[in-house]
Amino acid sequence: MGFLDDRDRHMSDDKKLTTRAENFSEWYNELVLRSELADYSPVRGCMVIRPHGYGIWERMQRALDDMFKATGHVNAYFPLFIPESFLSKEAEHVEGFAPECAVVTMGGGKVLEERLVVRPTSETIIYSMFAKWVQSYRDLPLLYNQWANVVRWEMRTRLFLRTMEFLWQEGHTAHTTHDEAEEETRRMLGVYREFMEGHMAMPVITGQKTDSERFAGALRTYSCEAMMQDNRALQAGTSHNLGQNFAKAFDLSFQNEQGEQAFAWNTSWGVSTRMIGGLVMTHGDDAGLRLPPRLTPIQMVIVPIWKTDDERDATIAMAKRIADELGNFKRPDHERIRVHVDDRQGVKPGSKYYHWETRGIPLRLEIGPRDLASSSGMLVRRDSREKRPIAFDALRTELPVILDQIQDDMLAAARARVEANSIRERISYDRFKEIMAGPGAFVYAGWNGDPAVEARVKEETKATIRCIPDPEFRSPVPPTTCMVTGEPAKHEVIWARAY
RNA sequence: CGGGGCGUAGCGUAGCCCGGUAUCGCGCCUGCUUUGGGAGCAGGAGGUCGCCGGUUCGAAUCCGGCCGCCCCGACCA
């Protein structure tokens, strides 16, 4: 393998990351391990999320949970185990999920009378409970969310992107009408987009999935699709209008204003720790991770520099004073900044720089004896590498501005990359094949609506229709013909190879 | 599950073809000197060579079987 031959040069120098250009997938794996986001576990296909990675997840949870609450949702928790019979109650659902379910057959040393499925998703058990709690239209809507782990028996796994167990949130709602459920489905898709762009600085395209990519048991599935730096698509979040399929399967019905019995309309929507993989592949560079200020567990690291013992004591003391002041949660009069002081002794400053750059910390403040004398430090941005002096007095007011600027710049840079690797002009199917075999892209093209065409393209190029994009993402001049068959186009769609 | 690759110290590896009790780098520990971009010197700890069996006076090395992991496919948030 060429890439490995190339790596041989670095065999004794494990300080260098494999570059993205050399081998993107190797770069990703190394980066996740080296930046201490996660590690492989003793169980095949499962991962350990380490504190740095879990810290990002906690910040994701906090932001999303606030958004869910702000849109009227409440949290609850449903069991990990689901009676096997529940899965079978919705035909399409069981067909979609049964092959990837882990099933408990024994408990307390005895064979179970009814086997228990470890949830791959919780529609069945949640709607069975909703059915108990809903009698009247006055009981609706139910707007629930749960933070949980789920298990899917995957053939091939990758850290964060596809593991057998993963952490996620799943929203489950019940409504009186189709339109209200549809509105909820779209609203939550919008919440996801807002989170991904606003917090992750990861631009996404929203749109509807084709039937072949629709959630098993849903009427319609919508998704947020992000483009990674290898030009492949990552489905970062989904929102489903489930129609009445589960309501009928679990007898989730109510009496409406007219006194008639009616089935409820459900939605479900979820995002997972997979987003952390998306974060890595959106912003990481050959030096390591780059984390957006809103999600990074540490926003600024202070590296004290000294020669003598006196200087060591003085710079560390100053560093800690600054960290305390900026990070003090008892001071509501200013925005709290998450600061870490790297006062490790016996580790040289340069080594500390690499350490924190690998881990993606957005800002570094260097404080040495010269800086102490001038009451200022050197501030370095991880995203742009820009370096400039800053007065200690100015930190409190300037840092929030700089952090916001970094957040904005990261989104803008990612947007520019996505646009640069999107193809909106009409291309031939032959050209399309070349692109998918080569650099890859998001290709906007006409599609005749035939699933057979979709299957054929997947077979021939491994590319799939990521979505039928929402209006704001469509091309100014819509395609009129199908890229593959030349027949009249039914939709403009986005083709790409996906994770 | 199909194809490819790999299992030797915490990590990365040499040795294997051609059998004689394991090499080097990183990391770790101790001491001294160091600290504005990955520190230096000295000393030290750490090994069922993936597992089981076979051949042999002797196996990391040869033979058979098994297990695990990674990569590429099929499947998928």
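Letters A, B, ... mirror the listed sequences (proteins, then strands); counts begin at 1.
- If you check every strand for non-hydrogen atoms under 4.0 Å, A:R497 touches sugar and phosphate atoms only.
- Residues from residues 286-309 of chain A placing a heavy atom under 4.0 Å of any atom in RNA chain B, listed by number, are A:I305, A:W306, A:K307.
- Contacts of A:S25 with the nucleic acid, taken as non-hydrogen atoms under 4.0 Å apart, involve only primed sugar atoms and P, OP1 or OP2.
- The pair A:D65-A:R62 does not count as a salt bridge, with every side-chain nitrogen at least 4.0 angstrom from each carboxylate oxygen.
- Here B:C70 presents its P atom at 11 Å from CG of A:D39, a figure rounded to the nearest Å.
- Using a 4.0 Å heavy-atom criterion, one finds that A:K352 contacts no nucleic acid atom at all.
- Atom CD of A:E100 is separated from atom P of B:C1 by 18 Å (rounded to the nearest Å).
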Write out a two-atom table: protein N or O, nucleotide N or O from nucleotides 38-41 of chain B, distance below 3.5 Å.
residue, atom, partner, partner atom, Å
B:G38, O2', A:K15, NZ, 3.0
B:G38, O6, A:K15, O, 2.8

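- Rounded to whole Å, the separation between the C1' atoms of B:U48 and B:G7 comes to 15 Å.
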Checklist line | side chain to side chain contact (heavy atoms under 4.5 Å, CB included) between A:L242 and A:Y127, worked out | finding: CA-CA 11 Å; A:L242 301 173; A:Y127 299 135; 3.5 Å; yes

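- Note on A:R187 versus A:E184: salt bridge recorded, some NZ/NE/NH1/NH2 to OD/OE distance being below 4.0 Å.
- Atom-to-atom, CG of A:L33 to P of B:C11 comes out at 12 Å; the value is rounded to the nearest Å.
- Counting non-hydrogen atoms under 4.0 angstrom, A:F166 reaches a base of the nucleic acid.
- Across all strands shown, A:D371 has heavy atoms under 4.0 Å from base atoms, whether or not it also approaches the sugar-phosphate.
- Among pairs with a residue in residues 282-302 of chain A, those fulfilling side chain to side chain donor-acceptor pair (under 3.5 Å) read A:R20-A:D286, A:D285-A:R382, at least two apart in sequence or across chains.
- Contact annotation for A:E357: base contact, defined as any heavy-atom pair under 4.0 Å involving a base atom.
- Closest to the side chain of A:M378, from the set B:C75, B:G36, B:G37, is B:G36.
- Partner assigned to B:A42 is B:U30, using Watson-Crick or G-U wobble distances below 3.5 angstrom.
- Straight-line distance between the P atoms of B:U21 and B:U13: roughly 25 Å, to the nearest whole Å.
- Contacts of A:P369 with the nucleic acid, taken as non-hydrogen atoms under 4.0 Å apart, include base atoms.
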Check: Checking side chain to side chain contact (heavy atoms under 4.5 Å, CB included) for the pair A:S41/A:M47: CA distance, chi angles, key distance, verdict?
Finding: CA-CA 5 Å; A:S41 80; A:M47 66 188 270; 5.7 Å; no

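- Between A:F215 and A:H240, the two ring planes are parallel [angle under 30°; tilted spans 30° to 60°].
- Comparing the C1' positions of B:G50 and B:C41 gives an interatomic distance of 38 Å, to the nearest angstrom.
- Contacts of residues 225-239 of chain A with RNA chain B (heavy atom under 4.0 Å): A:Q235.
- Within the shown strands, nothing qualifies as a pairing partner of B:G47 under the Watson-Crick or G-U definition with both distances less than 3.5 Å.
- Here A:R312 lies out of heavy-atom contact (under 4.0 Å) with every strand.
- A:H172 and A:E170 form a side-chain donor-acceptor contact under 3.5 Å, judged by distance and modelled atom types alone.
- With sequence neighbours left out, the salt bridge (charged side-chain N to carboxylate O under 4.0 Å, His left out) criterion links A:R415 to A:E197.
- The only member of A:T267, A:T206, A:N241, A:D470 that meets side-chain hydrogen bond (donor to acceptor under 3.5 Å, both in side chains) when paired with A:R186 is A:D470.
- Going from the P atom of B:G68 to that of B:C51 covers 15 Å, rounded to whole Å.
- No engagement by A:R344 is indicated, since no non-hydrogen atom pair under 4.0 Å with the nucleic acid exists.
- Only the C1' atoms considered, B:G15 is 8 Å distant from B:A60, to the nearest whole Å.
- Across the strands present, B:G73 finds its partner in B:C1; the criterion is a Watson-Crick or G-U wobble pair with both atom distances under 3.5 angstrom.
- Taking the ring centre of A:Y353 as origin, the terminal cationic atom of A:R364 falls inside the region bounded by 6.0 Å and 45° from the ring axis.
- Applying the salt bridge (charged side-chain N to carboxylate O under 4.0 Å, His left out) rule to A:E398 yields the partners A:R388; only residues at least two apart in sequence or on another chain are considered.
- Using C1' as the reference atom, B:C57 and B:C52 are 23 Å apart when rounded to the nearest Å.
- For the P atoms, the distance linking B:C62 with B:C17 amounts to 5 Å, nearest Å.
- With P as the reference atom, B:C16 and B:A22 are 16 Å apart, rounded to whole Å.
- The CZ atom of A:F97 sits 7 Å away from the P atom of B:A77 (whole-angstrom rounding).
- Nucleotide B:G37 holds its P atom 14 Å from the CZ atom of A:R385, rounded to whole Å.
- Separating the CD atom of A:E165 from the P atom of B:A77 is a distance of 18 Å, rounded to the nearest angstrom.
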